[in-house]
J.: 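My structure is below; once you've seen it, I'll send some questions.
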Amino acid sequence: MATHAPEMPIEVDSETGIWTTDALPMLYVPRHFFINNHQAIESELGPERYADILYKAGYKSAWHWCEKEAALHGLKGPEVFDHYMKRLSQRGWGLFSVEHLDIQRGQARVRLDHSAFVYHYGKVGRKIEYMFTGWFAGAMDQIASDLGYDIRTQAKQTQSAAEEGADYGLFEVEPVPAFDTSS
């Protein structure tokens with residue numbers, strides 16, 4: 001296995017110990033710690049209820065992240081979405097690649113290889129990376145709003161490497177029907 005140093009800037013405040021990457025404070029925790037907490041909450045609430053809670057929180061967080069990062073780096077449109085996928089990949093969630101992106105139509109397809117969740121859960125026969133769905137819709141909607149597009153989206157996971165016969169995860173972003181202005 002080849003390795004390399006992190007590709008994103010990490011600064012630590014000497015007085016407070018706060019880690020910062022780009023424009024936002026960060027936390028650095030072991031993967032097993034995070035996923036064990038995730039599994040504990042999922043087992044109490046059930047995957048469907050937990051997915052709904054995470055979707056809303058993730059949407060809000062992605063909107064905020066994209067807004068701050070776009071301003072810091074002077075990014076617009078697809079550059080923001082690509083930067084978001086790059087940073088998610090650099091932070092160890094897995095390797096995200098954009099297979100399709102049409103911000104004006106509110107459409108995207110994102111592939112996920114080497115999912116941190118799949119490494120921990122294994123082949124469990126279900127979609128397990130639902131945590132990311134709200135992130136993709138929140139990012140798309142913030143970018144679309146910044147560009148002046150009157151559209152809102154929803155995201156869903158259509159495939160997980162945790163399912164039999166699948167080697168990677170796949171997510172689709174589509175317009176919410178009430179906001180679909182492409183017709």
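Here the structure is a predicted model, which is why all the values come from computation and not from measurement.
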J.: Nearest 0.5 Å, what's the CG-CZ distance between Leu170 and Arg109?
T.: 6.5 Å

J.: Take atom NZ in Lys68; do more than 12 heavy atoms of anything else shown fall under 6.0 Å from it?
T.: no

J.: Just how far is it from atom OG1 of Thr21 to atom CE of Met26, taken to the nearest 0.5 Å?
T.: 4.5 Å

J.: Linking I/L/V/M/F/W/Y whenever their side-chain heavy atoms sit closer than 4.5 Å, directly or via other members, would Tyr59 and Leu24 fall into one cluster?
T.: no

J.: Could you see if Phe33 belongs to whatever hydrophobic cluster contains Trp19? Use Ile, Leu, Val, Met, Phe, Trp, Tyr and a side-chain cutoff under 4.5 Å.
T.: no

J.: Taking only residues two or more places apart in sequence, or in another chain, which ones meet Asp52 in a salt bridge (Lys or Arg N to Asp or Glu O under 4.0 Å)?
T.: Arg49, Lys56

J.: For the residue pair Tyr84 / Gln142, report whether a side-chain donor-acceptor contact shorter than 3.5 Å exists.
T.: no

J.: So how far is it from Phe81 CZ to Phe96 CZ, rounded to the nearest 0.5 Å?
T.: 10.0 Å

J.: Can you give me the closest heavy-atom contact between Ala62 and Ala139, atom names plus distance?
T.: CB-N, 3.7 Å

J.: Run the numbers on Glu69 and Val80 for side chain to side chain contact (heavy atoms under 4.5 Å, CB included), then give the verdict.
T.: CA-CA 8 Å; Glu69 287 291 296; Val80 180; 5.8 Å; no

J.: Checking Glu129 against Ser115: is there a side-chain donor and acceptor pair closer than 3.5 Å?
T.: yes

J.: Quick one: do Ile18 and Val29 end up in the same hydrophobic cluster if we chain Ile, Leu, Val, Met, Phe, Trp and Tyr together by side-chain heavy atoms under 4.5 Å apart?
T.: no

J.: Could you give all pairs that pass the salt bridge (charged side-chain N to carboxylate O under 4.0 Å, His left out) test and reach residues 12-32, with sequence neighbours left out?
T.: Asp22-Arg87

J.: With sequence neighbours excluded, tell me which residues meet ring pair (Phe, Tyr, Trp, His ring centres under 6.0 Å) with Tyr119.
T.: none

J.: Taking all non-hydrogen atoms of both residues into account, name the closest pair between Ile151 and Asp141 and its distance.
T.: O-OD1, 4.3 Å

J.: Hydrophobic cluster membership, with links at side-chain heavy-atom distances under 4.5 Å among I/L/V/M/F/W/Y: are Leu147 and Phe136 in one?
T.: yes

J.: Tell me whether Tyr168 shares a hydrophobic cluster with Phe171, the cluster being built from Ile, Leu, Val, Met, Phe, Trp, Tyr side chains joined at under 4.5 Å.
T.: no

J.: Does any non-hydrogen side-chain atom of Lys156 lie less than 4.5 Å from one of Glu174?
T.: no

J.: How many angstroms lie between OH in Tyr50 and CD in Glu42, if you round to the nearest 0.5 Å?
T.: 8.0 Å

J.: Tell me, do Glu67 and Asp146 make a side-chain contact under 4.5 Å, heavy atoms counted?
T.: no

J.: Please assess Arg91 against Met8 for the test side chain to side chain contact (heavy atoms under 4.5 Å, CB included), listing each intermediate value before the final yes or no.
T.: CA-CA 9 Å; Arg91 292 193 315 232; Met8 61 185 157; 3.1 Å; yes

J.: If I compare all heavy atoms of Gln159 with all of Gln157, which pair ends up nearest, and what's the gap?
T.: O-NE2, 3.0 Å

J.: Please check if atom CD in Glu99 has more than 12 non-hydrogen atoms from other residues, nucleotides or ligands closer than 6.0 Å.
T.: yes

J.: State, yes or no, whether a side-chain contact exists between Met85 and Ser97 at a heavy-atom distance under 4.5 Å.
T.: no

J.: Which atoms form the tightest heavy-atom contact between Ala108 and Leu101, and what is the distance?
T.: CB-CD1, 4.0 Å

J.: Between Met140 and Gly106, which heavy-atom pair has the shortest distance, and what is it?
T.: CE-C, 4.0 Å

J.: Could you tell me if the side chain of Trp135 sits less than 4.5 Å from the side chain of Leu88, heavy atoms only?
T.: yes

J.: If you round to the nearest 0.5 Å, how far is NZ of Lys127 from OG1 of Thr158?
T.: 7.0 Å

J.: Is any side-chain heavy atom of Trp93 closer than 4.5 Å to one of Phe34?
T.: yes

J.: Does the side chain to side chain contact (heavy atoms under 4.5 Å, CB included) test come out yes or no for His120 and Asn36, once each step is laid out?
T.: CA-CA 9 Å; His120 195 87; Asn36 285 340; 3.2 Å; yes

J.: For the atom pair CH2 (Trp63) and CD1 (Ile143), what is the distance rounded to the nearest 0.5 Å?
T.: 10.0 Å

J.: Nearest heavy-atom pair of Ala116 and Ile35: which atoms, and what distance?
T.: O-CD1, 3.4 Å

